[in-house]
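Letters A, B, ... are given to chains in the order of the sequence lines, protein chains preceding strands, and every chain is numbered from 1.
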2 protein chains.
Amino acid sequence: MKGLGELERSIMDILWAQDTPLTAREVGRLIEDRDLAPTTVMTVLDRLSRKGFLTRTRDGRAWRYQPAASRDAYVAELMLEALDLTGDRDAALTRFARAVSGTEAEILRKALMELEEE
Amino acid sequence: MKGLGELERSIMDILWAQDTPLTAREVGRLIEDRDLAPTTVMTVLDRLSRKGFLTRTRDGRAWRYQPAASRDAYVAELMLEALDLTGDRDAALTRFARAVSGTEAEILRKALMELEEE
DNA sequence: GGGTAGTACTACGTCCCGTAGAGAGGTGGG
DNA sequence: CCCACCTCTCTACGGGACGTAGTACTACCC
């Protein structure tokens, strides 16, 4: 899939947190800590949509951007990708299971239960 | 942690598959498909140990390299790192659980069971 | 003592990403 | 009607990571 850079991730975070598509200007306004040129934001949005992380639709002359997938889907995919790197998926999964904290193990257990029931 | 490049990963794969530390020359001999200069292999081994993926010990004038951690540990860590990217760990975990195939769900379940017993 | 092996250091091209300017083409206010 | 402005697209530059390798030096074996 290819990872994201730091600014790219910040921008995805903003868009993931929103429930409506945003224009470049709006995204720029939401990045408070950094003082970025408007074109910088536009460039990154463009790259992100080129990479398939965002979809965009016209709104007058402007584009409105929104995530192509949810953050959870993105994270889950990253995790699966990591898992694909191993030769021994079982060992890696076992190790992963041991590494998650108690509460999270509980979540996993519950999700797996529901799976089983279906 | 930072990811690995393609050649770096190939070399890690070779070392992970081995149970004894190897010299640069030995690693080079085990990369059959590519015809790399010996110095290339040495450079990459050096970078990998600088990054903490390998440890090395002297053997005469040569260095012997071995992985600092198992491949499973590496993969598990990558997965945890991906998980850290989300704001909602539960949602991501649930999604992940749904995404793994049946056999793997079984593995996870078993690992979690054992955890519970401890 | 010359080939071989091994090291350390340096280097170059490429690609990704953060960052942004230049230029083009609408758009609304005075 | 023209100017200021918004937004777009295109192009670019600098830094860092990585693949790749050359060079220069040392040590060892025969």
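A donor-acceptor pair is defined here as one N or O able to donate and one able to accept, closer than 3.5 Å; no such pair exists between the side chain of B/Thr40 and the backbone of B/Leu36. Side-chain N or O atoms of B/Glu8 include one that pairs as donor or acceptor with a backbone N or O of B/Gly5 at under 3.5 Å.
If you take CH2 of A/Trp63 and P of C/dG25, they are 17 Å apart, rounded to a whole angstrom. The distance between atom CG of A/Leu45 and atom P of D/dC8, rounded to the nearest whole Å, is 9 Å. Residue A/Leu48 contributes atom CG, which lies 14 Å from atom C1' of C/dT19 at whole-angstrom precision. Going from atom CE of A/Met42 over to atom C1' of C/dT19 covers 13 Å, rounded to whole Å. Going from atom CG of A/Leu7 over to atom P of D/dG16 covers 17 Å, rounded to whole Å. Rounded to whole angstrom, the span from the CD atom of B/Glu6 across to the P atom of D/dG19 amounts to 7 Å. When rounded to the nearest whole Å, the span between CG of A/Asp59 and P of C/dT27 equals 13 Å. The separation between A/Arg29 atom CZ and D/dT7 atom P is 8 Å, rounded to whole Å.
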Exercise. Determine, for nucleotides 23-30 of chain D in 5'-to-3' order, which nucleotides have protein heavy atoms under 4.0 Å from the base (write B), from only the sugar-phosphate (write S), or from neither (write -).
Key: B--BB---
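Contact annotation for A/Gly28: no contact, since no heavy-atom pair falls under 4.0 Å across all strands. The residue A/Arg9 sits apart from the nucleic acid: no heavy atom pair falls under 4.0 Å. Within the nucleic acid shown, B/Arg56 comes within 4.0 Å of sugar-phosphate atoms alone, with no base atom in reach, counting heavy atoms only. Counting non-hydrogen atoms under 4.0 angstrom, B/Arg64 reaches nothing in the nucleic acid.
Nearest heavy-atom pair, A/Val41 versus A/Ala24, reported as atom, atom and distance to 0.1 Å: CG1-O, 3.6 Å. Scanning both residues, A/Arg109 and B/Leu112, for their nearest heavy atoms gives NH2-O, 3.1 Å.
Atom CG of A/Asp88 is separated from atom CZ of B/Arg71 by 8.5 Å, given to the nearest 0.5 angstrom.
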Self-check item: Pair A/Asp59-A/Arg64, salt bridge (charged side-chain N to carboxylate O under 4.0 Å, His left out): steps then yes or no
Solution: CA-CA 6 Å; A/Asp59 177 11; A/Arg64 290 202 166 270; 2.6 Å; yes
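An OP1 or OP2 oxygen of D/dA17 is reached within less than 4.0 angstrom by no side-chain nitrogen or oxygen of B/Lys51. Taking 4.0 angstrom as the limit, B/Arg58 places none of its side-chain polar atoms (N or O) nearer than this to OP1 or OP2 of C/dG6.
Listed candidates were D/dC18, D/dT7, C/dA20. Nearest to the side chain of A/Arg25 is D/dT7. For A/Thr43, the side-chain atoms get nearest to C/dA20 when compared with the rest of D/dT20, C/dG18, C/dA20.
Look at A/Arg9 and A/Asp13 and you find no salt bridge, because none of the NZ, NE, NH1 or NH2 atoms lies under 4.0 Å from a carboxylate O.
Comparing A/Asp35 and A/Gly3 by the nucleotide of DNA chain C that holds the closest heavy atom to each, the one mapping nearer the 5' end is A/Gly3. In this structure, A/Arg47 and A/Ala62 both approach DNA chain D, and ranking their closest nucleotides by distance from the 5' end singles out A/Ala62.
Residue-environment remark: CZ (A/Arg50) stays at or below the threshold of 12 foreign heavy atoms within 6.0 Å.
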